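For reference, the structure discussed in these notes is given below.
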Amino acid sequence: MKFFLDTANLNEIREAAELGFADGVTTNPTLISKEGGVDFKQHIAAICEIVQGPVSAEVTSQDKDGMLREGREYSKIAPNVVIKCPLTRDGLKATRQLTDEGIKVNVTLCFSPAQAILAAKAGAAFISPFLGRLDDIGENGLLLLESIVEIYRNYTWKTEILAASLRHPVHVIEAARLGADIATMPVKVIEQLFNHPLTDKGQAQFLADWAKSGRK
Ligand code: E4P
């Protein structure tokens, strides 16, 4: 399973890249706005200098023509830019057109298996089911992921399943168990994956015993 970073913060991306955990990056308008008044295209270019893998840049137009204009423009920023289109009628029309032009599309805001089927039929390179946001309204995001994995396995669609809106380690572990192609997560979740109290305790004990034995 590949790890994408769900952030637009350059320091966080550099840090995760050093750890070898940045196979790609997903941004969205909210994440970009957290970086203040940055120039969108320059900022995406800066991310693409750090990360070799796919970097998602999301369109903000609502209509197909606007999405196509943005998608064509952003795809020129760097060869690894992927255009993020919303799972709307116009978003899927734009997905089909951009895909036909050789531009990869990440279809975002997926909340049902039916939507995931439509995205694959439209030729999306990635489908992003939002697990955490379903959990937030009392549904089970992992059940959505499970359904999509099951459905996609029946066909030879090229669309990769990108588990998104991951909020904690269990989301990541279960996404891996289900066979998601990619998990995108904030740096905070990557840090949580490291942690285990028995590792800390064991390490402290080893160092104490070593010191007690008089070795330097
Ligand atoms: C994915 O591409 C989205 O940017 C992201 O996972 C959304 O996560 P959130 O629901 O925590 O905002």
Side-chain angles (χ1 to χ4, degrees), residues 1-10 12-13 16 21-35 38 40 43-44 46-48 50-51 53-61 67 70-71 74-75 77 80-88 91-92 94-95 98 103-112 115-116 118-120 122 124-146 148-149 159-176 178 180-193:
M1 185 170 73
K2 284 168 271 187
F3 272 21
F4 284 9
L5 282 167
D6 202 22
T7 180
N9 184 276
L10 298 180
E12 290 182 356
I13 294 168
F21 293 147
D23 299 315
V25 171
T26 48
T27 70
N28 63 38
T30 303
L31 294 172
I32 295 285
S33 70
K34 283 186 186 161
E35 299 310 306
V38 295
F40 179 65
H43 200 75
I44 294 291
I47 295 173
C48 291
I50 305 169
V51 173
V55 173
S56 289
E58 186 158 347
V59 299
T60 50
S61 299
M67 290 181 199
E70 283 187 70
Y74 302 156
S75 68
I77 297 172
N80 52 331
V81 166
V82 168
I83 304 305
K84 227 182 188 187
C85 289
L87 212 155
T88 58
L92 291 190
T95 297
L98 291 169
I103 297 170
K104 286 189 172 172
V105 178
N106 172 4
V107 174
T108 190
L109 291 170
C110 171
F111 294 98
S112 80
Q115 291 181 319
L118 292 182
F126 304 96
I127 180 67
S128 290
F130 275 34
L131 278 54
R133 291 194 194 189
L134 277 176
D135 295 357
D136 289 345
I137 59 158
E139 293 190 29
N140 186 339
L142 283 166
L143 291 181
L144 168 63
L145 181 63
E146 186 177 35
I148 297 172
V149 171
T159 313
E160 290 191 78
I161 301 171
L162 194 170
S165 187
L166 304 184
R167 304 272 166 77
H168 48 70
V170 174
H171 273 154
V172 180
I173 295 161
E174 291 302 312
L178 292 168
D181 299 294
I182 305 149
T184 190
M185 65 200 92
V187 166
K188 183 187 136 220
V189 173
I190 294 187
E191 275 159 14
Q192 288 174 324
L193 294 175

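In this chain, residues are counted from 1 in sequence order. Since the model is a prediction, treat every value here as computed from it, not as a measurement. Note: hydrogens, waters and symmetry copies are ignored here, and every other heavy atom, side chains too, is used. Note that ligands are numbered from 1 as they come in the structure, with each ligand's atoms numbered from 1 the same way.
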By side chain to side chain contact (heavy atoms under 4.5 Å, CB included), T88 pairs with (sequence neighbours left out) M67, P86, D90

Rounded to the nearest 0.5 angstrom, the CZ-CG distance for F130 and L87 is 10.5 Å

Item checked: Backbone N/O of R133 and side chain of S165: donor-acceptor pair under 3.5 Å -> yes

Side chain to side chain donor-acceptor pair (under 3.5 Å) with S128: of N28, T108, N106, only one passes, and it is N106

Protein neighbours of ligand 1 with a heavy atom under 4.0 Å, given by chain and number, are D6, T26, N28, K84, F130, R133, A164, S165, R167

ask   = After noting the C-alpha distance and the side-chain angles of L166 and D6, does the key distance pass the side-chain contact (heavy atoms from CB on, under 4.5 Å) rule?
value = CA-CA 9 Å; L166 304 184; D6 202 22; over 6 Å; no

For the pair Y74 and F40, name the ring-plane relationship: parallel under 30°, tilted 30 to 60°, perpendicular over 60°.
-> perpendicular

